Amino acid sequence: MMRRALITGITGQDGCYLARLLLDRGYEVVGILDDSRYSSLWNLSYLGILPMVRLLRVKLLDYIEVQRVLLEVRPSEVYSLAAQSSVSKSFQEPAVTIKANLEAVMNWLEAIRMLSPDVRLYHASSSEMYGNVTNACVEPTTLFNPISPYAVSKVAAHQLVRSYRTAYNIFAVSGILFNHESMLRKKGFFTRKLMDGALDLSTGSVSSLSFGNLDVRRDFGYAPDYVEAMWLMLHQGQPEDQLICTGKSVSLRDIVNHVFMRMNVSTDRLHIDASLYRPAEIEDIYGAPSYATEKLSWTSHYDAFGAMDLILEERLKLLHSGQVMPA
Ligand code: NAP
């Protein structure tokens, strides 16, 4: 029998790669577009899967609508990826972030509990939940210490998923994903800004590129690898949260230098703009990947620099084909 998966946030970076992976595995994929926003379908078109997915408009914050969709679609797996996913933006829009990132998850959990307790749910948690850790290497026992509204929203949703799993025996899990990047990163995120900027500097269409704090260090992987981990998490023997990471952190400065070098762009064009610093920032964080390797047989195939090389190669291909990415 054909398996059916429902993905919220299907228009985002992870949603698209996950949809492609599930289609490749023979799933019927239903993608949810949040009815309160205009979502570009460019990513789905770019991956060549737009005609293969069924898209439904739903008000994710309306519990009755979520119930209705669950009954109508009857998925075996729900991937709850929709979120206001920008840490920076969460400082400017804390209320939107908390509401969007917590209430939609709550609606899916509650609808599953009430109507279809056999449905498995994946929730997208984040390494941002840990804040400034004393030991930069995060283990499953590391305590949460969120320092942004985004991180607070993710901790709340994470604990809710855990509480439904414990209280109602629902197969609901959270993947605690560290940064993962791709060609499909949206405007406003570091990697996208870096790629756009390096290409513009190399063609001479801009003369400089400004960033905030480049001394922070993050654990970066490649998004298509990470969606594989999401699927594996819903197919574990026992429902368990997992850390999904590469096990190494690198500074944003090292990444900028790497991309500039590849593009033959001088770092003299780089400017640090203190107004772009976040009000609170995690200095250094990376995760211990051994648990996911042991439990899921999952491992990241690319480190930060490998991921950047792939993205750059794809961006150059797109540029030479004359296509442009959406604003
Ligand atoms: P993304 O590219 O920003 O995609 C987010 C998705 O959620 C898009 O479909 C977006 O719709 C939708 N969305 C945005 N704001 C929303 C709102 N206020 N209400 C409802 N839907 C909204 O994010 P991603 O990188 O794919 O990440 C997927 C999930 O993983 C998110 O929950 C994110 O927080 C989490 N996560 C990501 C990373 C990472 O490094 N990428 C790391 C840890 C956790 P539009 O297309 O209309 O914008």
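Both counts, for ligands and for their atoms, begin at 1 and track the order of listing. From a predicted model like this one, the values you see are computed outputs, not experimental measurements.
Under 4.0 Å from ligand 1, the heavy atoms of Y150 that appear belong solely to its side chain. Heavy atoms of H180 found under 4.0 angstrom from ligand 1 belong to the backbone as well as the side chain. Looking at S125 against ligand 1, only its backbone comes within 4.0 Å, counting heavy atoms. When heavy-atom distances to ligand 1 are checked against a 4.0 Å cut-off, K154 comes that close only through its side chain, counted from C-beta outward.
In terms of protein heavy-atom proximity, atom 17 (C) of ligand 1 is nearest to R37 NH1, 3.7 Å. Considering only non-hydrogen protein atoms, atom 23 (O) of ligand 1 sits nearest to S85 OG, 3.4 Å. With hydrogens left out, the protein atom closest to atom 2 (O) of ligand 1 is Q13 N, 2.9 Å, a heavy atom. Counting only heavy atoms of the protein, atom 47 (O) of ligand 1 lies nearest to S39 OG, 2.5 Å. When hydrogens are left out, the protein atom nearest atom 45 (P) of ligand 1 is K186 NZ, 3.2 Å; that is the closest non-hydrogen contact.
Here's the thing with D34: none of its N/O atoms is less than 3.5 angstrom from an N/O atom of ligand 1. Polar contact check, L60 against ligand 1: no nitrogen or oxygen pair lies under 3.5 Å apart. Distances between N or O atoms of E181 and those of ligand 1 include no value under 3.5 Å. Where the criterion is an N or O separation shorter than 3.5 Å, residue side chain and backbone included, L81 meets it with respect to ligand 1. Looking at A100 next to ligand 1, no N or O pair under 3.5 Å apart turns up.
Here E77 does not pair with R120 in a salt bridge; the nearest charged N to carboxylate O distance is not below 4.0 Å.
Listed by first and then second residue, the side-chain hydrogen bond (donor to acceptor under 3.5 Å, both in side chains) pairs involving residues 33-61 are D34-S36, Y46-E314, R54-E72 (not counting sequence neighbours).
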Going by atom type alone, with no hydrogens or angles, which donor-acceptor pairs under 3.5 Å involve a side-chain atom of residues 281-288 and a protein atom two or more places apart or on another chain?
unit_1: E281; atom_1: OE1; unit_2: R218; atom_2: NH2; d: 2.9
unit_1: E281; atom_1: OE1; unit_2: R278; atom_2: NH1; d: 3.2
unit_1: D284; atom_1: OD1; unit_2: S249; atom_2: OG; d: 2.8

